[in-house]
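One structure below.
Order of appearance sets the numbers: ligands from 1, and atoms from 1 within every ligand.
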Amino acid sequence: MLTDPATMAPHAEDWRKRYRGKPLAVVFPANPEEVAAVVRLAGECHIGLVPQGGNTGLSGGATPDDSGRQVVLSLQRLRALRAIDPINRTITVEAGMTLAQVQTEAEARGLLFPLSLGAEGSATIGGNLATNAGGTAVLRYGNARELCLGLEVVTAQGEIWSGLRGLRKDNTGYDLRDLFIGSEGTLGIITAAVLKLYPQPAAIMTALARVASPTAALELLQFAQQRAGAMLTGFEYMAAMSTRLVAAHLGAVAKPCLQIIGDTRDGVGPQAADTVLIELSHPESESAAKEALETLLGHAITQGWVEDALVAQSGAQSAAFWRLRESITLAAAADGPHVKHDIALPISSLPAFIAAMDEELEQRYPGIRIINFGHFGDGNLHYNLAPPTLEGNPDTDTRRAHYLEFLGLHEDAIRRAVHDRVMAMQGSISAEHGLGQLRRDEARHYKSAVEISLMVSIKHALDPLGILNPGKVLCLDQSLPGDRS
Ligand code: FAD
Ligand code: 2HG
Ligand code: ZN
């Protein structure tokens, strides 16, 4: 247990350093029984518990408030591999095991755990399930929910529910597993999970393609799905501004990709362009995978959807393409504060949304930088927005102050404009990062009174004392919304 503010500091703020709380303590139980004992004690003392895994969440869900009355409950010591069944293709791990470790354990047995995201070295399986994480392979394998067969959960009463079943089918009443998945630590504490494994594909081939427009990207997606079917395992979109930021802040990462993304630093080479990263996984061979990808891109070039493309010639080149994609968040963080969005839309609406939203924001906020990228194949965009840059070459502090001033004036209006359009187009304001504290009130604004009331009823039934992650997802102090019914 930690109680010293200095040693608690890394657990008291989120990855983006947007939220900082004042925990009473940070506790590190070693097994489910100890987690249960902590929960019972918290119930007796009416202390809020904030579950925390790798603390890589992007919605402030794992950050305590500043009341000094919340305890961070870290799952990091629960990291055992409990069982693996290669025939049933399941792995049972404790919640604090990192996603990368689960991937490694599967790989060591010739199997694949397909969940994949930029923070996988630190993010934990418990956090992945609590947020129902998505990432870059949802297109083929689904999100965290679809990769989980069973759970072990400590309830708000401090009891242990063992639902560690490795079954593909189980219709025996209410699905408690699915209730806990995506509940962001507000209904129970996940201590272990049974996860689905897949055969390793014989070959994985990636390509980077300059696309003429979001419409062209959609044409390419449709064609790739039609041609490659289940072999299409990744389809990521990066609008020019996102790769431009990587080139500006992480030049070495962008360098191997400049032929496609454009040399954005010295004006030499092609102009910055929108790019798509495509991944095919082939059950037979590398040559078959390469041929399939080259044929697909050849057709796309003939059709004018793709202007230029590079098929990775080695594992290292493929890794370089993925590094570009996964560095956008880091480059944007290095650039400074910005407004993050994690929206989902019907895939068919993506080009129309991008065109209309870009136009509206550019008109309202001249110079605004649209860092739009994401899991295009899932209809999930990270439509992030950074303030206009300052003229000249200001030092970091001046730039940061300018950005903060812009966001102080406009952040709420920008968020509302984006979310209003998303909702008008039958989308969602969070595809994969969850509500946490960042989008809690936005969700309340858009969801119907019926939906909020059902969510409140579930929360009251499972956590009547309100000790699990208070203030996240739902605000129980507020009356139900009357603005939408
Ligand atoms: P934490 O941040 O510790 O917690 C997240 C939430 O889950 C909190 O509400 C917390 O209270 C709760 N929680 C944590 N553990 C438990 C538990 N055992 N039981 C109950 N509740 C718990 N996310 C995506 O979906 N897709 C991406 O592609 C993606 N890429 C990312 C890239 C970067 C560079 C970064 C920094 C983040 C990215 N994320 C992405 C967000 C983040 O990595 C995921 O949300 C991840 O699933 C969080 O795992 P964690 O262990 O860090 O959870
Ligand atoms: C990704 O897809 C992550 O890279 C992070 O979900 C998105 O930085 C973001 O907004
Ligand atoms: Zn994402």
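Residue Gly134 places a heavy atom less than 4.0 Å from ligand 1. At least one heavy atom of Glu432 sits less than 4.0 Å from an atom of ligand 2. Contact analysis leaves Glu326 out of contact with ligand 2, as no non-hydrogen atom separation drops below 4.0 angstrom. In this structure, Gln52 is part of the shell of residues with a heavy atom less than 4.0 angstrom from ligand 1. Every heavy atom of Leu117 sits 4.0 Å or more from the atoms of ligand 2. Using a 4.0 Å heavy-atom cutoff, Gly188 is listed among the residues neighbouring ligand 1.
Checked options Phe373, Phe353, Tyr237; the residue passing with Tyr383 is Phe353 (criterion: ring pair (Phe, Tyr, Trp, His ring centres under 6.0 Å)).
Ser59 places a side-chain N or O within donor-acceptor distance of the main-chain N or O of His433, the cut-off being under 3.5 Å. In this structure a side-chain-to-backbone donor-acceptor pair under 3.5 Å is present from His338 to Gly336. Looking at Glu432, its side chain does come within 3.5 Å of a backbone N or O of Gly135 through a donor-acceptor pair. Checked by atom type and distance alone, the side chain of Glu184 never pairs as donor or acceptor with a backbone atom of Ala130 at under 3.5 Å. Under the 3.5 Å distance criterion, the side-chain polar atoms of Gln76 are matched with a main-chain donor or acceptor of Gly53. Side-chain N or O atoms of Asn55 include none that pairs as donor or acceptor with a backbone N or O of His11 at under 3.5 Å. A donor-acceptor pair under 3.5 Å links the side-chain atoms of Glu34 to the main chain of Ala30, judged by distance alone. No side-chain donor-acceptor contact under 3.5 Å links Arg444 to the backbone of Ile452. At distances below 3.5 Å, at least one donor-acceptor pair connects side-chain atoms of Arg145 with backbone N or O atoms of Asp178. Although no hydrogens or angles enter the test, the distance criterion places a donor-acceptor pair under 3.5 Å between the side chain of Arg369 and the main chain of Pro387.
Leu117 CB, 3.7 Å is the protein heavy atom nearest to atom 29 (C) of ligand 1. Among protein heavy atoms, atom 6 (O) of ligand 2 sits closest to His433 NE2, 2.7 Å. Of the protein's heavy atoms, Asn128 ND2, 3.5 Å lies nearest to atom 46 (C) of ligand 1. The single protein non-hydrogen atom nearest to atom 32 (C) of ligand 1 is Ala119 N, 3.8 Å, given as residue, atom name and distance. In this structure, the protein non-hydrogen atom closest to atom 18 (N) of ligand 1 is Ile190 O, 2.9 Å. With hydrogens left out, the protein atom closest to atom 10 (O) of ligand 2 is Asn384 ND2, 2.9 Å, a heavy atom. For atom 5 (C) of ligand 2, the closest heavy atom belonging to the protein is Thr329 OG1, 3.2 Å. Of all protein heavy atoms, the one closest to atom 7 (O) of ligand 1 is Ala130 CB, 3.4 Å. The protein non-hydrogen atom at the shortest distance from atom 39 (N) of ligand 1 is Leu58 CD1, 4.0 Å. Counting protein heavy atoms only, atom 23 (N) of ligand 1 is closest to His433 CD2, 3.5 Å. For atom 34 (C) of ligand 1, the closest non-hydrogen atom of the protein is Thr329 CG2, 4.0 Å.
Checking Lys340, His338, Arg325 against atom 4 (O) of ligand 2, the nearest heavy atom belongs to Arg325. The option from Leu468, Thr191, Thr56 that lies nearest to atom 44 (C) of ligand 1, judged by heavy atoms, is Thr56. Scanning Pro51, Gly185, Ala332 for the heavy atom closest to atom 11 (O) of ligand 1 points to Pro51. Of the candidates Ser74, Ser59, Gly127, Gly127 brings a heavy atom nearest to atom 53 (O) of ligand 1. Around atom 26 (N) of ligand 1, the closest heavy atom drawn from His382, Glu432, Gln437, Glu326 belongs to Glu432. Ranked by closest heavy atom to atom 45 (O) of ligand 1, the top entry among Asn55, Asn380, Thr131 is Thr131.
With a 4.0 Å cut-off on non-hydrogen atoms, Leu75 touches ligand 1 through its side chain and not its backbone. Residue Asn469 touches ligand 1 through its side chain alone, judged by heavy-atom distances below 4.0 Å. At a heavy-atom distance under 4.0 Å, no atom of Ile328 approaches ligand 2.
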Start with the C-alpha distance between Phe406 and His410, add both sets of side-chain angles, then the distance that settles ring pair (Phe, Tyr, Trp, His ring centres under 6.0 Å), and finish with yes or no.
CA-CA 6 Å; Phe406 178 91; His410 305 300; 4.7 Å; yes

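Using a 4.5 Å heavy-atom threshold, the side chains of Asp335 and Ile371 count as separate.
Side chains of Thr206 and Glu279: no donor on one and acceptor on the other come within 3.5 Å. Side-chain polar atoms of Asp14 and Thr63 form no donor-acceptor pair below 3.5 angstrom.
Taking every heavy atom of His375 and a limit of under 4.0 angstrom, the matching atoms of ligand 1 come to 28 (O). Close approach of ligand 1 to Ala133 is summarised as follows: ligand atoms under 4.0 Å from at least one heavy atom of the residue are 25 (O), 47 (O).
For CZ of Arg416, the number of neighbouring non-hydrogen atoms (other residues, nucleotides, ligands) closer than 6.0 Å is greater than 12. Around the CZ atom of Arg400, the shell of radius 6.0 Å holds no more than 12 heavy atoms that belong to other residues, nucleotides or ligands.
Take the N/O/S atoms of Glu432: the one nearest the Zn ion (ligand 3) is OE2.
Residue His433 does not count as close to the Zn ion (ligand 3), with no N, O or S atom under 2.8 Å.
Rounding to the nearest 10°, we obtain 110° for the angle at the Zn ion (ligand 3) between His375 NE2 and His382 NE2.
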